[in-house]
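This is the structure I have questions about; it appears just below.
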2 protein chains.
Amino acid sequence: MHVSNLAREIKERRKTLDINQQQLSELTEIGLRTIKGLESGKTNPTLKTVVTILTVLGLELTIKTQK
Amino acid sequence: MHVSNLAREIKERRKTLDINQQQLSELTEIGLRTIKGLESGKTNPTLKTVVTILTVLGLELTIKTQK
DNA sequence: ATAAAAAGGGCGTTATAATGCACGTATCAA
DNA sequence: TTGATACGTGCATTATAACGCCCTTTTTAT
């Protein structure tokens with residue numbers, strides 16, 4: 001899982017749930033500017049930011065052994 | 001996956017591979033102080049830091065739908 | 001085509017992760 | 001128990017994530 005992958009997956013999931021960045025910002029209580037930066041793959045978010053967003057989107061991180 | 005969970009899993013895996021924090025620091029080129037902070041669960045690491053460490057440990061992050 | 005909504009991004013500020021250094025604490029072997 | 005090795009942590013500095021503001025670009029609906 002690279003940062004750009006994560007950005008794409010989050011964006012995709014958000015669209016599937018039919019919410020916009022503004023709404024995701026409100027649901028997560030994470031600044032809109034942060035959401036924008038993350039989804040466009042321009043930043044290196046903290047784990048907390050990622051987990052909070054994934055949780056609201058009904059997703060979660062797991063650890064696996066590399067294939 | 002919470003931050004404290006991640007810390008525990010990383011530490012456990014490192015011990016399984018029988019390397020110490022100093023060696024993990026060298027292998028990942030991440031500062032020893034950062035490794036220490038992360039494993040003791042006292043910090044909120046960036047995604048990049050987490051991914052770099054997991055990769056060296058032969059692990060990877062994946063996204064799943066919440067159970 | 002065009003208006004509205006959504007997304008992208010520059011800039012400056014604030015909060016905090018990453019880091020090295022130094023030292024305390026814990027673990028383990030002899 | 002003592003010495004060595006590994007781990008935890010306070011502090012100060014540097015780098016950068018998070019953030020709001022505001023404008024541009026892209027997408028979507030009519």
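Note that the structure is predicted; figures quoted are calculated from it, not measured. Just so we're on the same page: letters track the sequence lines, and every chain starts at 1.
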In whole Å, I'd like the distance from the CD1 atom of B:Ile53 to the P atom of C:dA18.
9 Å
Which whole-number value in Å describes the distance from B:Ile30 CD1 to C:dT19 P?
6 Å
Atom CD of B:Glu26 and atom C1' of C:dG20: how far apart are they, to the nearest Å?
15 Å
Report the distance from atom CD of B:Gln22 to atom P of C:dG20, rounded to the nearest whole Å.
10 Å
Side chain to side chain donor-acceptor pair (under 3.5 Å) partners for B:Arg14, two or more places apart
B:Glu39
Check the hydrophobic clustering (I, L, V, M, F, W, Y; side-chain heavy atoms under 4.5 Å; chains of links allowed) and say if A:Leu59 and A:Val50 are grouped together.
yes
Listed by chain and number, what are the side chain to side chain donor-acceptor pair (under 3.5 Å) partners of B:Glu26, not counting sequence neighbours?
B:Gln22
Dump the intermediate steps for side chain to side chain donor-acceptor pair (under 3.5 Å) on A:Thr49 and A:Thr52, then the final yes or no.
CA-CA 5 Å; A:Thr49 293; A:Thr52 298; over 6 Å; no
Distance, rounded to the nearest Å, where A:Leu32 contributes CG and D:dC21 contributes P
11 Å
State whether the side chain of B:Gln66 and the backbone N or O of A:Thr55 hold a donor-acceptor pair below 3.5 Å, judged by distance alone.
yes
Using whole Å, report how far CD of A:Glu39 lies from C1' of D:dT26.
15 Å
Could you write out each protein N or O paired with an N or O of nucleotides 4-6 of chain D at a distance under 3.5 Å?
unit_1	atom_1	unit_2	atom_2	d
D:dA6	OP1	B:Asn20	ND2	3.0

Residue that, paired with A:Leu57, satisfies side chain to side chain contact (heavy atoms under 4.5 Å, CB included) out of A:Leu27, A:Leu24, A:Thr28
A:Leu24
When you measure from the side chain of A:Gln23 to the backbone of A:Asn20, do you find a donor-acceptor pair of N or O atoms at a distance under 3.5 Å?
yes
Could you tell me which residues satisfy salt bridge (Lys or Arg N to Asp or Glu O under 4.0 Å) with B:Lys15, sequence neighbours excluded, listed by chain and number?
none
Counting primed atoms, P, OP1 and OP2 as sugar-phosphate and everything else as base, the B/S/- map of nucleotides 9-17 of chain D against protein heavy atoms under 4.0 Å is BBB-----S
Can you list everything that forms a side chain to side chain donor-acceptor pair (under 3.5 Å) with A:Lys36? Sequence neighbours excluded, please.
A:Gln21
Spacing of B:Ile19 atom CD1 relative to D:dC7 atom C1', expressed in whole Å
14 Å
Length of the line joining A:Leu38:CG and D:dC19:C1', which is rounded to integer Å:
14 Å
How is B:Lys11 classified with respect to the nucleic acid when contacts are heavy atoms under 4.0 Å: base, sugar-phosphate, or nothing?
sugar-phosphate
